[in-house]
Trainee: 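Provided herewith is a single structure, encoded as structure tokens, for subsequent inquiry.
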Amino acid sequence: MNLLRPLWITLTTYSILPAPQVVWDERNMRFSICYLPLIGLFVGGGQLLWFWLCQILSAGSILFASVATVIPIVLTGGIHMDGYLDTVDALSSHQTKERKLEILKDSHCGAFAIIYAGVYFLLIFGFFSQTFSLRIFALIACGYVLSRSLAVMLAATMPNARKNGMLATFTNRLETRVALLAMVVLSLAVMAGTIAIAFWPGIFCSAVACLWWCIYRRLSMRLFGGVTGDTTGFFIQMCELLLCITASVCSLIFSY
């Protein structure tokens, strides 16, 4: 049972899945964030189930895209979207690093958060509506795992911009070397899986994910001085959007 306690913490924090309440002590937090990709597996499985139902029922592309857009938000409780909204608010302020960190902590929703929420949902809805192949949608489903494994790598290797907060709680007691090794292996395995599913789309999706990882790492250090829970949510949401766009475009180019 002790081996499951870190998992229960991750499930109750990053998803709507019910789990027993456990103490957030040092022992339970050592590997807890390493279970984050399992949330991606849960979300990706939900998406694939929805795709299958739409195929069985011959549902239209608008209905399919609408629900596919909502599923990740519902299953995660919107925690990563909350980080995305806070981060775009901070980035749009063009203020100092210190002021950006203050905006991240502000519970109020700014105008730019609302604007970019609309932009995000319109884009991902549009590209979902162009996804007709199971193989291509399987790539998108894999992206929910890949985005989180890459996010854990960033959290494990970058300084925390704030010395407190949820991400700091997960990473301050983290067994960094073990977590990093596990996430590298998992990320490579997922990338290999996407390539096996659809060769060229898998290649492009893997390349885009790695490129976004590098861009985010550099921007986060320059603009925030490290990572926070909010910027990690921003990374995950943007990674999922970019992978959805890439997979959908590849389906048109390579006729999947």
Trainee: Step through the shown structure and confirm whether more than 12 heavy atoms of other residues, nucleotides or ligands are within 6.0 Å of CZ on Phe125.
Mentor: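 Check passes, neighbour count above 12.
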
Trainee: Determine the minimum heavy-atom distance between Val22 and Arg5, stating which atoms define it.
Mentor: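 Closest approach of Val22 to Arg5: CG2-O, 3.6 Å.
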
Trainee: Given side chains that start at C-beta, do those of Pro72 and Tyr144 come closer than 4.5 Å, heavy atoms only?
Mentor: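 SC-SC contact between Pro72 and Tyr144 confirmed.
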
Trainee: Does Leu17 have any side chain to side chain contact (heavy atoms under 4.5 Å, CB included) partners at least two apart in sequence or in another chain, and if so, which?
Mentor: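 Counting only residues at least two positions away or on another chain, Leu17 forms a side chain to side chain contact (heavy atoms under 4.5 Å, CB included) with Leu11, Ser15, Phe42.
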
Trainee: Taking NZ, NE, NH1 and NH2 as the nitrogens, is one of them in Lys105 or Glu102 under 4.0 Å from a carboxylate oxygen of the other?
Mentor: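 Between Glu102 and Lys105 there is no salt bridge, as every charged N stays at least 4.0 Å from the carboxylate O atoms.
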
Trainee: May I have the step-by-step check of ring-ring contact (aromatic ring centres under 6.0 Å, His included) for Phe170 and Trp24, ending in yes or no?
Mentor: CA-CA 9 Å; Phe170 276 91; Trp24 289 37; 5.4 Å; yes

Trainee: Hey, what's the ring geometry for Phe64 with Phe128, parallel, tilted or perpendicular (30° and 60° as the breaks)?
Mentor: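 Ring orientation of Phe64 relative to Phe128: perpendicular.
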
Trainee: Assess, by modelled atom type and distance only, whether the side chains of Thr157 and Arg217 contain a donor and an acceptor separated by less than 3.5 Å.
Mentor: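 Yes, because at least one side-chain N or O of Thr157 sits under 3.5 Å from a partner of the opposite role on Arg217.
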
Trainee: With respect to Phe137, which candidate in Phe132, Trp52, Phe51 satisfies the ring pair (Phe, Tyr, Trp, His ring centres under 6.0 Å) definition?
Mentor: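 Between Phe137 and the candidates, ring pair (Phe, Tyr, Trp, His ring centres under 6.0 Å) is satisfied uniquely by Phe51.
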
Trainee: Hey, are the side chains of Leu91 and Leu223 touching, using non-hydrogen atoms and a 4.5 Å cut-off?
Mentor: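 Yes, at least one pair of side-chain atoms sits under 4.5 Å.
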
Trainee: Can Thr87 and Thr231 be counted as having a side-chain donor-acceptor contact under 3.5 angstrom?
Mentor: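 Their side chains do not contain a donor-acceptor pair, so the 3.5 Å distance test is not met.
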
Trainee: To the nearest 0.5 Å, how far apart are CG in Leu139 and SG in Cys250?
Mentor: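 Going from the CG atom of Leu139 to the SG atom of Cys250 covers 8.5 Å.
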
Trainee: Taking atom types as modelled and ignoring hydrogens, do the side chains of Ser61 and Ser129 form a donor-acceptor contact shorter than 3.5 angstrom?
Mentor: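 Absent: no donor and acceptor within the cut-off.
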
Trainee: Hey, does Met238 have a side-chain heavy atom less than 4.5 Å from the side chain of Tyr216?
Mentor: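 In short, these two side chains do not touch, never coming nearer than 4.5 Å.
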
Trainee: Thr131 side chain to Phe127 main-chain N or O, any donor-acceptor pair under 3.5 Å?
Mentor: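 A pair under 3.5 Å: yes.
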
Trainee: Do Arg148 and Glu240 meet the salt-bridge criterion of a basic N to acidic O distance under 4.0 Å?
Mentor: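 Counted as a salt bridge, because a side-chain N and a carboxylate O are separated by less than 4.0 Å.
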
Trainee: Could you check whether Tyr14 and His80 have their ring centres less than 6.0 Å apart?
Mentor: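 Yes, the ring centres sit under 6.0 Å apart.
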
Trainee: Does atom CD1 (Ile62) have a neighbourhood of more than 12 heavy atoms from anything else shown, all under 6.0 Å?
Mentor: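 Count not over threshold, so no.
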
Trainee: With side chain to side chain contact (heavy atoms under 4.5 Å, CB included) as the criterion, how do Gln130 and Ser251 come out once you've worked through the C-alpha distance, each side chain's angles and the decisive distance to 0.1 Å?
Mentor: CA-CA 9 Å; Gln130 294 299 309; Ser251 71; 5.9 Å; no

